[in-house]
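One structure below.
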Amino acid sequence: MIYLDHAATTPVKPEVLEAMLPYFTEHYGNPSSVYKIAQRNKKAIDDARAVVAGHLGAQPNEIFFTSGGTEADNWAIKGIAAALKEKGNHVITTNIEHHAVLHPCQYLEKQGYEVTYLEVNADGLVSAEQVEAAIRPETILITIMYANNEIGTIMPIAEIGAVAKKHGITFHTDAVQAVGQLPIDVRAQNIDLLSLSGHKFYGPKGTGALYIRRGLKLPPLLHGGGQERSRRAGTENVPGIVGLATALDLAYQDLEAKNAKLKALRDYLIDGIEARIPYCRLNGHREARLPNNVNVSFEFIEGESLLLLLDMEGIAASSGSACTSGSLDPSHVLLALGLPYEQAHGSIRFTLGENNTREEMDVVLAKLPPFVEKLRSMSPLYEDFVRQNS
Amino acid sequence: MYSQKVMECFMNPQNVGEIENADGVGTVGNPKCGDIMKIYLQIEDNIIRDAKFKTFGCGAAIATSAMLTQMIKGKSIEEAMKVTNKAVADALDGLPPVKMHCSCLAEEALKAALWNYAERNGITIEGLTPPANHHEEDHAAAAEEN
């Protein structure tokens with residue numbers, strides 16, 4: 001199989017699994033207990049917290065482990081809204097956020113909050129100027145993703161952080177796609193809250209964290225025991241936390257070399273597609289994008305049918321088409337770029353990983369053109385296009 | 001998620017193409033929903049001698065188009081009128097619930113092509129009503145169910 005869906009999830013690395021395994025069996029103690037076998041687990045969590053903090057430029061006591069990115073996003077957004085409701089009721093975000101941010105924002109709107117959804121440009125970016133222009137006296141939160149999960153565009157986070165700081169507004173970023181792939185420094189970038197997810201960087205599913213800047217008043221997410229400094233109660237997922245930290249450490253090892261390799265593969269795939277297939281377009285900014293993201297619209301065809309053909313050849317990718325997700329509208333991200341519906345339906349996302357090779361890209365580049373051709377030969381849209389241009 | 005039959009029909013679809021000087025042509029669906037189906041019919045002495053299709057859509061949309069054209073070939077207009085979306089889905093060993101609208105689209109495309117044939121020839125086909133684009137409503141209903 002050629003796996004090109006690393007933005008969806010990644011396999012757990014063997015080293016990560018190995019680090020986790022003892023915490024299921026021999027090191028089973030509850031970290032809150034006083035005896036030795038439990039205290040070892042408490043230390044494992046403390047160590048993991050220090051590792052995560054280190055890679056974000058944060059302090060260990062600013063890291064709170066969660067069940068994943070969605071939980072971290074919900075906690076940050078709904079928590080700040082609740083904490084600052086006396087101060088204001090306005091939230092600024094973008095129209096290409098992940099649903100884990102968009103849906104909490106829509107939930108807030110139902111509670112009487114107002115949300116500004118900044119419109120991205122045709123490259124999928126918002127500017128710090130746009131953010132600043134949207135600020136009102138009652139703005140309490142800016143939540144803007146670090147990098148987009150579908151089109152891979154990287155937002156100007158440091159600039160937005162500077163604007164937020166200047167106006168004294170809390171700044172949250174959903175960095176689920178960025179952590180492990182891009183260097184992050186929450187202090188230098190003026191980030192107050194940051195969400196991350198373990199399974200995006202070869203860690204286990206069901207693990208994540210929220211960075212909460214020290215001094216920020218965020219109400220507890222779960223009330224119960226004293227875990228996570230009483231802000232996220234519940235016995236810790238020790239193996240998961242250990243796995244997340246181990247995976248993050250590995251992700252940031254040789255990052256520059258790994259990213260250089262990924263970028264070369266990414267650009268090889270993009271250039272190869274553009275050279276071989278007419279009537280396609282790359283979605284998202286060409287340079288300001290994640291090293292592993294390729295998102296292309298193929299005109300006149302629908303994405304799911306192309307995914308099925310690729311899957312028959314053992315190539316796993318994903319699509320912005322409605323038909324893959326069970327929802328019926330095409331991707332809100334692609335529509336936000338200004339793509340017409342049929343092009344939004346005809347998009348494919350390839351997200352590369354550390355183990356992908358140039359040979360695999362060659363296989364994709366060999367299979368893709370005849371598949372696109374086959375589907376176009378069946379398409380009434382292509383028929384119309386050819387007729388109009390002949 | 002798809003039955004083997006759907007995958008077979010999708011991978012090797014029968015009756016893809018156009019019919020020159022077709023006796024009836026029907027197009028339904030729209031780009032917003034991501035499905036457009038166009039069916040061409042060649043009709044002689046009330047019998048569907050040939051049927052071809054072009055479809056922009058997902059695997060289920062292509063498979064249902066192919067299956068529908070296979071099912072109506074050689075049938076009289078009256079017999080073809082009895083081919084329902086459910087019959088097409090059943091012939092494919094079923095469709096996932098979110099894809100049932102694709103089979104509705106196939107039935108609608110056939111009806112639209114027959115309507116076109118009837119209009120051209122100034123005849124009335126019993127039980128046939130003018131094509132309307134119900135597809136968006138189907139989508140809205142399906143979205144609510146999900």
Side-chain angles (χ1 to χ4, degrees), chain A residues 99 279 297-314 316-332 334-335 338-348 367 370-387 390, chain B residues 1-2 4 6-18 25-40 52-66 69 95-102 105 109 135-146:
Chain A
H99 287 130
Y279 315 119
S297 286
F298 299 98
E299 285 190 59
F300 319 117
I301 65 174
E302 196 274 340
E304 191 221 60
S305 46
L306 185 53
L307 284 189
L308 289 173
L309 292 175
L310 290 169
D311 183 43
M312 294 301 278
E313 298 291 330
S318 76
S319 159
S321 150
C323 278
T324 41
S325 59
S327 75
L328 295 154
D329 279 327
S331 145
H332 66 284
L334 298 174
L335 293 178
L339 261 65
Y341 275 95
E342 58 269 36
Q343 282 185 35
H345 279 293
S347 74
I348 299 282
K367 302 284 183 195
F371 287 164
V372 171
E373 188 58 43
K374 177 181 175 170
L375 293 170
R376 281 181 180 166
S377 75
M378 290 188 211
S379 167
L381 296 175
Y382 191 57
E383 181 188 313
D384 292 346
F385 174 79
V386 170
R387 190 165 295 144
S390 61
Chain B
M1 89 177 187
Y2 287 134
Q4 205 181 334
V6 172
M7 284 310 290
E8 279 168 26
C9 245
F10 166 70
M11 295 300 288
N12 297 300
Q14 305 293 304
N15 307 317
V16 176
E18 302 158 49
V25 180
T27 306
V28 295
N30 65 55
K32 188 168 185 288
C33 308
D35 299 303
I36 300 171
M37 230 177 252
K38 186 171 186 180
I39 289 194
Y40 298 82
K52 289 203 185 296
F53 78 91
K54 287 258 176 114
T55 291
F56 164 84
C58 61
I62 289 171
T64 52
S65 315
T69 53
L95 286 170
V98 297
K99 301 288 187 179
M100 278 306 287
H101 71 275
C102 295
L105 204 59
H135 191 49
E136 282 194 47
E137 291 163 32
D138 288 349
H139 262 182
E144 267 175 34
E145 278 166 32
N146 285 314

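Computed from a predicted structure; not experimentally measured. Letters A, B, ... mirror the listed sequences (proteins, then strands); counts begin at 1.
Closest approach of F56(B) and P380(A) over heavy atoms only: N-CD, 3.3 Å. Scanning both residues, P31(B) and E342(A), for their nearest heavy atoms gives CB-OE1, 3.3 Å. When every heavy atom of E304(A) is checked against every heavy atom of C58(B), the shortest pair comes out as OE1-CB, 3.1 Å.
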Run L309(A) and M11(B) through side-chain contact (heavy atoms from CB on, under 4.5 Å) and show every step you take.
CA-CA 8 Å; L309(A) 292 175; M11(B) 295 300 288; 3.6 Å; yes

Evaluate side-chain contact (heavy atoms from CB on, under 4.5 Å) for M7(B) paired with D311(A), printing each intermediate quantity in order.
CA-CA 11 Å; M7(B) 284 310 290; D311(A) 183 43; over 6 Å; no

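When the shell of 6.0 Å around NZ of K374(A) is examined, it contains more than 12 heavy atoms from other residues, nucleotides or ligands. When the shell of 6.0 Å around CZ of F385(A) is examined, it contains more than 12 heavy atoms from other residues, nucleotides or ligands.
Atom NZ in K54(B) sits 9.0 Å away from atom CG in D384(A) (nearest 0.5 Å). For the atom pair T55(B) OG1 and L381(A) CG, the distance stands at 10.0 Å (nearest 0.5 Å). Distance CD1/I62(B) to CD/E302(A): 8.0 Å, rounded to 0.5 Å.
Contact annotation for I36(B): both backbone and side-chain heavy atoms come within less than 4.5 Å of a heavy atom of chain A. Proximity to chain B is limited to the backbone of F300(A), based on heavy atoms less than 4.5 angstrom apart. If you measure heavy-atom distances from P97(B) to chain A, you find no contacts under 4.5 Å at all.
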